[in-house]
Structure formats: structure tokens, C-alpha cells
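Please read the structure below before turning to the comments.
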Amino acid sequence: MLSSKQEQIIEETAPVVAQHLETITARFYPLMFDRYPEVNALFNASHQASGNQARALAGAVLQYVQLRNNPAEARAALSTAIGKHISLGIQPDHYPIVGECLMAAIGEVLGDAVTPDVADAWQALYDELAGLLIDVEQSHYHAFANRPGGWQGRRAFRIRNRRQESAVITSFELEPMDGEPVADFEPGQYIGVRLEINGEPVYRHYSLSDVPNGRTYRISVKREPEGHVSRFLHDEAANGFELELLPPSGDLTLTGQEPLLLISGGVGQTPMLPLAKQALEQGRPVAYLHAARSRQHHAFSEEIKALRDQYPEHFNPVVIYEEGGEADGADAIGMVDQTLLAQHLPDPAARCYFVGPEAFMQTVDAALDALGVSENRRHFEYFGPSRPLRAA
């Protein structure tokens, strides 16, 4: 707990730290990788290069400073970061490393403004934040390990089957090496993956692209031209390839009982498909809009057709291709916009989920807002470090 003097220092210095926070976090990562190269595997190099990782950390720190006097709100605001930590298997002994390097970065950027009292106050604040994160994450690990089919830490799996879903997306069915059952998860969640490429460990997280079955998990990965891990999985990871999984996590899960509008672009379809299956089993009407570049880039088309045949009264799939013509089988050619969403929005009270490229999600979010869908009924997720959807 911070002392009254430390509380006052935080209040007085928070505006200065906030002003320089992106510079501080941008300095923090290279400093940490230099001092502790063993943690480098936990981070996606492309997110570092783009600056998204630093911006996400800065945003999380700011949110905590603003909400720390309301623990419930602080936990809710940090839930996305917590989910990503769980998918990486972050442990309590990682937090002193982060704290040391973050304080060093603050000192480098702010210089003489960081007096011993200021440093002590911000160290106390970080320790408070770390304690909250550790508590929530350890609780999740414990709860998952005690589920039927759950486990602690990493668990060895292998590729049982791979299936080409489109020109750029491949699905990987993963089975446990021990032959034992696997724990259920909430449709819409993702799972942490650890594998080795040329002897070097790397971590990623991928959406679970099918509903739980108690025996296997399925992930579906887009081959990115510069993607270190995605290219390896597509080009090198054959049936029998061994990797490790960490517990599932993520907040893009069904809530309420309203009709649903599920909207995806490209590989953003991977969490939407299990959400649709779950909702249809519950008897909820589902409008399912998916945008792909072309027919060749359209994944899961056979699964969608099967759902339409199984639930003809509740399931309305709509396919939009950016390129092509009517002969390609699309319901529309072009881009997802407000006019198209208005045609298929079941009701302004519908609950809407959307995932895709950032510009796609910004367009969808603005259009749904204009159509009267309240913010608390609009749910989205970034495939990468989280940040406000309408950030400048």
C-alpha cells in the first residue's frame, strides 16, 4: 500500500509521466531485452517494430493510474493484458525484471526529475500493479489446472491433422502427447503456443477456431509474408510436429441472450466461427457477415454452409468479396460499410462482435455506432497488443 506521501507524489507527477510514457515504454523494451535476453522469446518482433507493444504497455499503465482506487474497474480494464499474460505463461518472477527495467527507463527519460522520493513512489505503484496482476493470473492458472483435462504451465501437444482452409489460412488440429482429455474453454478465446524454430523458443497465441470437444484443440493460422512463426507453421510443421500449449484465455466470449451480428474480415473469422456455433446451439438468431479478399481467400466456407443447412431459421451467413464477381458466389462485392451493416443488423439491440484488420474494425465500429448500437453491445478484439479502437 502506498503511503500518503507517495500518493501525493503520484498525483503530482502523473501528468509528467503520462506526457512521456510512450517514450519511456519505447526505451523500456530494448533495455529489458539487453539486460534479460531470455525474455525476448515472449514478444512478437513485428509488434515491437510497429511500436504497438510499447503503446499497449503505456495505455495499461495510464489506465491503472486512473482506476487504481476502484479495484474492480482496474481489473476489468486490465483484463486484456491479463489474458495475453496467461497465454504466455507469465509468472511472478517475471515482474521484478519488468519493474527494474521500467524504473530504469523512467530514470533515463525523465533524468533529474526522478528524485529518490519520486522513484520510491513509482516503484511502490508498480509493485501494487504487479501484485494485482499476479493475484489474478495465479487464480486463473489454479482454476484451469483443476478443471477436468486442465494442466499447470505448458503441456506437450502434436499436430494431428492440418487442413488448408484457403489460399492463406491453414488449420492445425492439436492433440495432447499424453493421450489424456483436454479442458473445455469459452468459444471466442485464444490459446498460447510455444514452439521451437531452429532451436530457438518462440511464443504466440492463436484463436481457437472450433468449439470444445474434450479431445483436441484447433487453431487456424494465416500465413503472413513476413511472419516468422506463421511461415514456419505453414511451410514446415507437418503432422506429428510437437509443440506446447498454455492455458486458453480471452474475453471475446458470448454474453446476454440478444440476437447476434458477427462480423469478420480475413482471419478475423477464427473466433467468430465457434461463437456462431455456440449461439446457434443456444437458439439465438445469428447474422454472420464475413469479408474476404476473394473466393480463394475465403476460409471455412464448407463449415458455414453446413451451419446454414443445420439452422436454416436462425443462421444468416453473408459473404462479401473485395475482388471478383457474382459468379464467385459472394452475396456482395466491395467493402463492409454502414449500408451493408444496416441491411443485416437484426435489431439495434443486437449484440455485435467484430474482428479483422484495424481499419476494418474502425469502419465497423463507427457504422454500428451510427446505427444506434450502444458501446456496451459492441465487442471486438485485436490480434496483437490491445489499444483503443479509435486511438489517434
Side-chain angles (χ1 to χ4, degrees), residues 63 67 70 72-84 86 136 140 143-144 147 183-191 207-212 248-265 268-291 300 303-304 307-308 310-318 336 338 340-356 360-383 386 388-390:
Q63 280 187 309
L67 299 174
N70 187 324
E73 283 193 29
R75 286 176 182 238
L78 293 168
S79 63
T80 299
I82 289 168
K84 300 294 173 64
I86 290 165
V136 175
H140 184 100
F144 181 76
R147 286 188 202 173
D184 285 350
F185 56 91
E186 289 294 321
Q189 290 190 311
Y190 51 84
I191 197 162
S207 293
L208 290 153
S209 60
D210 204 355
V211 291
S249 58
D251 297 326
L252 193 74
T253 55
L254 287 187
T255 185
Q257 295 297 323
E258 305 91 339
L260 293 180
L261 176 58
L262 305 180
I263 313 152
S264 57
Q269 190 176 191
T270 50
M272 295 301 167
L273 188 54
L275 286 175
K277 292 180 179 181
Q278 182 187 30
L280 291 167
E281 289 179 0
Q282 295 174 352
R284 296 171 72 170
V286 177
Y288 190 96
L289 274 64
H290 177 62
F300 308 114
E303 286 189 53
I304 296 300
L307 285 176
R308 183 184 60 194
Q310 186 177 357
Y311 300 98
E313 301 299 322
H314 287 82
F315 189 55
N316 176 30
V318 179
V336 174
Q338 184 173 327
L340 183 69
L341 291 172
Q343 293 172 5
H344 299 284
L345 181 66
D347 187 284
R351 199 165 287 276
C352 302
Y353 293 74
F354 52 98
V355 177
F360 172 89
M361 292 200 297
Q362 289 174 336
T363 297
V364 169
D365 188 56
L368 293 174
D369 185 37
L371 291 170
V373 179
S374 61
E375 187 173 359
N376 64 355
R377 295 178 187 273
R378 307 196 304 267
H379 308 270
F380 65 91
E381 180 178 69
Y382 276 104
F383 284 174
S386 62
L389 189 58
R390 290 172 294 279

task: List in chain and number order the residues that pass side chain to side chain contact (heavy atoms under 4.5 Å, CB included) with L371, two or more places apart in sequence or in another chain; answer none if no residue qualifies.
output: Q338, L341, A342, L345
How close do [X] and [Y] get, heavy atom to heavy atom, and via which atoms?
{"X": "M361", "Y": "F380", "result": "SD-CB, 4.1 Å"}
{"X": "P274", "Y": "V211", "result": "O-CG1, 3.7 Å"}
{"X": "Q269", "Y": "F300", "result": "NE2-CD1, 3.7 Å"}
{"X": "G188", "Y": "E381", "result": "O-OE1, 4.5 Å"}
{"X": "F144", "Y": "D184", "result": "CE1-O, 4.4 Å"}
{"X": "Y353", "Y": "T253", "result": "OH-O, 3.0 Å"}

message: Suppose we screen for side-chain hydrogen bond (donor to acceptor under 3.5 Å, both in side chains). Which residues come up paired with N316, at least two apart in sequence or across chains?
response: none
Please identify each residue that fulfils salt bridge (charged side-chain N to carboxylate O under 4.0 Å, His left out) with [X], with sequence neighbours left out.
{"X": "E258", "value": "R284, R351, R377"}
{"X": "R75", "value": "D135"}
{"X": "D369", "value": "R378"}
{"X": "E303", "value": "R218, K277"}

L261 and L368: CA distance, side-chain angles, deciding distance, side-chain contact (heavy atoms from CB on, under 4.5 Å) verdict: CA-CA 10 Å; L261 176 58; L368 293 174; 4.2 Å; yes
- request: Go through F360 and I263 one step at a time and tell me if the side-chain contact (heavy atoms from CB on, under 4.5 Å) criterion holds.
  value: CA-CA 10 Å; F360 172 89; I263 313 152; 3.8 Å; yes
Return the [atom1] to [atom2] distance between [X] and [Y], rounded to the nearest 0.5 Å.
{"X": "I191", "Y": "I86", "atom1": "CD1", "atom2": "CD1", "value": "12.0 Å"}
{"X": "T80", "Y": "Q63", "atom1": "OG1", "atom2": "CD", "value": "8.5 Å"}
{"X": "H379", "Y": "L262", "atom1": "NE2", "atom2": "CG", "value": "10.5 Å"}
{"X": "L307", "Y": "Y288", "atom1": "CG", "atom2": "OH", "value": "8.0 Å"}

Any side-chain heavy atom of [X] sitting closer than 4.5 Å to one from [Y]?
{"X": "V336", "Y": "T363", "answer": "no"}
{"X": "P348", "Y": "S374", "answer": "no"}
{"X": "L254", "Y": "L260", "answer": "yes"}

- request: Say whether, by atom type as modelled, one donor and one acceptor occur between the side chain of Y190 and the main chain of K84 under 3.5 angstrom.
  value: yes
query: Side chains of Y311 and E281: donor-acceptor distance under 3.5 Å anywhere?
result: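 Absent: no donor and acceptor within the cut-off.
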query: What residue among V364, T270, L252 forms side chain to side chain contact (heavy atoms under 4.5 Å, CB included) with V355?
result: L252
Candidate pair L273 and I304, rule side-chain contact (heavy atoms from CB on, under 4.5 Å), full reasoning: CA-CA 8 Å; L273 188 54; I304 296 300; 3.6 Å; yes
